[in-house]
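Numbers here are sequence positions counted from 1.
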Amino acid sequence: ATLEGDRAQDVEREGNLIRQRVEAKRAKERQEAELKATTLLQRQLRRKEEKRLQAERWGSAKERRRAERMAQTKGVELPSLEEAHRMSVVQLRDALWNAGYPARG
């Protein structure tokens with residue numbers, strides 16, 4: 001009877017060990033899947049932000065070229081970046097309006 005009891009305990013212990021290993025493996029797989037999903041989402045968000053910034057840069061460059069053309073036709077020169085930084089908002093707005101660029105603010 002004790003031999004059967006010992007054998008039953010061994011089988012139960014083995015079963016518990018196998019269940020623990022399987023649970024640990026599944027937990028690790030879930031953790032890896034979550035990390036992969038998070039990384040993918042971060043990559044997608046980064047790409048989306050890069051595209052938005054690129055579109056913004058292209059739009060700004062396009063508007064800058066348009067404003068420069070308008071300024072040339074009116075014989076007005078747009079302020080350089082350094083000059084614009086030294087100007088007040090009102091001065092900058094007026095310079096842009098004179099160049100044909102409808103600035104607000």
Side-chain angles (χ1 to χ4, degrees):
T2 57
L3 192 58
E4 283 182 21
D6 289 344
R7 177 74 181 131
Q9 286 179 345
D10 286 345
V11 169
E12 187 177 336
R13 262 182 278 171
E14 274 299 313
N16 287 337
L17 285 173
I18 291 171
R19 278 190 288 284
Q20 287 174 351
R21 288 183 194 133
V22 169
E23 287 174 18
K25 183 178 177 182
R26 286 182 183 157
K28 183 179 178 184
E29 288 170 350
R30 275 194 305 273
Q31 192 176 31
E32 289 171 352
E34 288 173 4
L35 179 62
K36 186 176 179 179
T38 300
T39 303
L40 180 61
L41 180 61
Q42 288 173 340
R43 192 177 307 135
Q44 289 170 340
L45 290 172
R46 203 170 27 251
R47 279 191 202 128
K48 188 175 183 179
E49 179 65 10
E50 287 170 1
K51 284 183 180 181
R52 186 192 67 76
L53 289 173
Q54 184 178 34
E56 189 175 303
R57 282 191 299 270
W58 285 348
S60 293
K62 183 179 175 182
E63 284 300 311
R64 175 84 180 170
R65 287 189 302 273
R66 188 189 70 74
E68 286 172 347
R69 282 193 307 273
M70 289 290 292
Q72 285 176 348
T73 61
K74 291 187 173 199
V76 178
E77 192 172 310
L78 287 173
S80 68
L81 185 60
E82 294 80 24
E83 292 170 333
H85 281 294
R86 288 192 301 266
M87 295 177 151
S88 70
V89 173
V90 174
Q91 290 172 324
L92 181 57
R93 185 191 63 206
D94 289 345
L96 293 172
W97 268 103
N98 291 337
Y101 189 77
R104 287 183 262 175

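- In the hydrophobic clustering of this structure, W97 does not group with L92; members are Ile, Leu, Val, Met, Phe, Trp, Tyr whose side-chain heavy atoms approach within less than 4.5 Å, directly or through other members.
- Atom CD of E77 has 12 or fewer heavy atoms from other residues, nucleotides or ligands within 6.0 Å.
- Between E63 and R66 there is a salt bridge, since a side-chain N of the basic residue sits under 4.0 Å from a carboxylate O of the acidic one.
- Taking 4.5 Å as the limit, some side-chain heavy atom of L53 sits within range of a side-chain heavy atom of E49.
- To the nearest 0.5 Å, the span separating CD on E12 from CG on L17 amounts to 11.0 Å.
- Using a 4.5 Å cut-off on side-chain heavy atoms (C-beta onward), V11 and R7 make contact.
- Between the CD atom in Q72 and the CZ atom in R69 there is a gap of 9.0 Å [rounded to 0.5 Å].
- The distance from the CG atom of L78 to the CG atom of N98 is 10.0 Å, given to the nearest 0.5 Å.
- A84 and P79 get closest at one heavy-atom pair: N-CB, 4.2 Å.
- Residues K48 and K51 are not in side-chain contact: their nearest non-hydrogen atoms beyond the backbone lie 4.5 Å or more apart.
- We find the CD-NZ distance between E23 and K25 to be 13.5 Å, quoted to the nearest 0.5 Å.
- When atom types are taken as modelled, the side chain of Q91 and the backbone of S88 share a donor-acceptor pair closer than 3.5 angstrom.
- Other residues, nucleotides and ligands place no more than 12 heavy atoms under 6.0 Å from the CZ atom of R26.
- With N16 as reference, R19 is the one residue of E14, R19, Q20 to meet the side chain to side chain donor-acceptor pair (under 3.5 Å) rule.
- For E29, the CD atom is densely surrounded, since the number of other residues' heavy atoms within 6.0 Å is greater than 12.
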Between R52 and E56, does the salt bridge (charged side-chain N to carboxylate O under 4.0 Å, His left out) criterion hold? Intermediate values first, please.
CA-CA 6 Å; R52 186 192 67 76; E56 189 175 303; 3.0 Å; yes
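- Ion pairing between E82 and R86 fails under the 4.0 Å rule for side-chain N and carboxylate O.
- When the side-chain contact (heavy atoms from CB on, under 4.5 Å) test is applied to Q9, the partners found at least two apart in sequence or on another chain are D6, R13.
- Atom CG of L41 and atom CZ of R46 lie 10.5 Å apart (nearest 0.5 Å).
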